[in-house]
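Naming convention: chains lettered A, B, ... in sequence-line order (proteins, then strands); numbering from 1 in each chain.
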Amino acid sequence: MASEKIGKVVEMSILTRIRRIPFWSWFWFILGALYFLLPLYATVNFSLRMERDVIGFKAYVRAFEDPEFIKTFLYSNMLALLTIVASIILIVPTAYWIRLRLPEARRIVEFITLLPFVVPAIILVFGLIRIYSSPVKIPFTDTTLLQPLTTFEVGTDILIVAGYVVLGLPYMYRSVDTGMRTVDVRTLTEAAQSLGASWFTIIVRVILPNIRAALLSGALLTFAIVVGEVTLASFLGVPAFGPYLFLLGQHRAYEPAALSFASFLLTWVAMGLIQLFTGGQGQTTGAH
Amino acid sequence: MSYLSISHVTKKFGDTVVVDDFNLDIEKGEFVSFLGPSGCGKTTTLRMVAGFEIPTSGKILLNGADITDKAPNQRNVGMIFQSYALFPNMTVAQNIGFGLRIRKEPEATVKQRVDEMVSLINLEKHANKYPYQLSGGQQQRVSLARALANRPQVLLLDEPLSALDAKIRVSLRAEIRAIQKSLGITAIFVTHDQEEALSISDRIVVMNTGVMEQVGTPFEIYNFPTTVFAANFVGSLNNSSAEVVDPANSLISIDGVQFESAVDLKQRRKGDKVRVAIRPERLSFASEQKKANVVDATIENVTFLGSVVRIQVKIGQTKFNMDTFNNPFLELPKIGSMEQVTCSREAVLVLDE
């Protein structure tokens, strides 16, 4: 009963608020929305017209039926997953330690995480190939530490995931760091310590669950980058989704439109899921 | 051998000495407050007991064991923070059980202990709520229960009431004290609020700029402060410079007005400058029978403070506050009128300059 009442009050206040927004605000909002939605509408419309004079999903069926599509898409998903796990393992303890003990190092690390914006992916991939296509030796000795990574499949996978971790660094680090800003990392750590918790326990049971919203959004961004990435994938010659999409775009007309709309949908679903999973947490931070 | 012994502990951050030669022995079950303004080193001292800071020199012994360099998670001390520091992702019950689960206690034991703690803080109905669903006072009670669930050897409270509003602050401090007494747990309580320290402690350590000014029971600290700082920080106080007139009879003079003190001044010489302090509530209007320390005063101002009426009087050239309890039949003096004011010999405190 009470919650119904509150619901009504909230509804009313939203309505009155909408009415209060002046004309020009609406104007710019609609203009912005059109700028975003019109091309999307055009793409959808185009993708539905593969067969002459018929509106249908043929392009979608064709695109999804291609065995190459499924193979590359799954492969890229696996790379994305590995990249996300590797970035979390690398970045969460780093960001945590900087917040806790090394605030002076913050600017340096932030600068490093921004490097992927400055150094293009093509430079990165050539650097990787140049270094790891010959055996890695311990300096000043003949002992081989590492076989050339580019010569076998798992090695190349390791290389490309490492490269993707670098590309995703700005997004993942920023998300995690922002997430840690919203919880009082230092005091929570001390509270856990005085209750007998070890560093590992603190990170896994106290820090990670409290930044899960940030982790999810960082993971989603990383996922989006990895699945669509072309440069690293094509120069390292892996059967990834990015190069496949690129080739498809050069040789076909309707299927790329279908796939790009499908990827939009996928992104929206992912964003919806983030909202769903982090709703409770948003409230937590809101209450403080 | 005392239960918790902090001996010759000094802490420096770079070149700044934050805590300077801190010495204190605390008995088992004792409730000790560290009282002082911000930056006086009270929190740093507490954090050294907790293990979050390591002393630059000195030793900390707990129950006979040297814990000076031990990691915080090896100490079994309970810590309570100003910001509650509850884990936002866990319910009340999970928060309380956290330490026990870390210790790998059997699940049945954890459950039993959590139930015990939840009823200790009267939050049975809220055991499955998340911290953000609780009020500040409730959250701090959960944090108290969480700290106590582990049966810590000593309970450390770092300004636990400062973030709460006035009414909750008073009721929660009584609750903390009652729980501490009933469990017989040793506690150190850091605060900058003198009323809090006076009401809750067995003993108070008054601190200033990293140095212990005075250690004593609340009664001693309030009634017999030994330093100017302790006198001024605890309670409100009139203080003025004065001159020793007759050391043998403990006579001093403030701007030529003579006062007799109960303090032994035989160590001083005539003409010595001293600092004299008189609590506002010790001054009163003179009635006929009083003989000692009856002086003339001009009424400067009258302020109504609710339960107390504060009257500002001028004795010689110095202004003093005089507090009297309010009652509806009180006749307030006229501003500018001359009255006779008195205080007992014991009320005239002589402090080191």
- Message: Looking at B/F13, I want to see if its CZ is surrounded by more than 12 non-hydrogen atoms of other residues, nucleotides or ligands under 6.0 Å.
- Response: yes
- Applying a strict 4.5 Å limit to non-hydrogen atoms, the region of A/T187 in contact with chain B is both
- Message: Return the CZ to OG1 distance between B/F52 and A/T189, rounded to the nearest 0.5 Å.
- Response: 9.0 Å
- Item | Side chains of A/R205 and B/F87 in contact at under 4.5 Å (non-hydrogen atoms) | no
- Task: Tell me, yes or no, whether the heavy-atom count around A/F117 atom CZ, taken from other residues, nucleotides or ligands under 6.0 Å, exceeds 12.
- Result: yes
- Message: At a 4.5 Å cut-off on heavy atoms, which part of B/L86 comes close to chain A: side chain, backbone, both, or neither?
- Response: backbone
- Message: Looking at every non-hydrogen atom in both residues, tell me the closest pair between B/N150 and A/L195 and how far apart they are.
- Response: ND2-O, 3.4 Å
- Between A/D184 (side chain) and B/S83 (backbone), is there a donor-acceptor pair under 3.5 Å? no
- Task: Against chain A, label B/F81 side chain, backbone, both or neither, depending on which of its atoms sit under 4.5 Å from a heavy atom there.
- Result: side chain
- Query: Is the number of heavy atoms from other residues, nucleotides or ligands under 6.0 Å of A/E110 CD greater than 12?
  - Reply: yes
- Item | Where A/L188 and B/A85 come nearest, the two heavy atoms and their spacing | CD2-O, 3.6 Å
- Determine whether more than 12 heavy atoms belonging to other residues, nucleotides or ligands lie under 6.0 Å from atom CH2 of A/W28. no
- So what's closer than 4.5 Å to chain A heavy atoms on B/R146: side chain, backbone, both or neither? both
- Query: Should B/R47 and A/E190 count as side-chain neighbours, where that means a heavy-atom distance under 4.5 Å?
  - Reply: yes
- About how many Å separate OG of A/S198 and CG of B/N73, when rounded to the nearest 0.5 Å? 7.0 Å
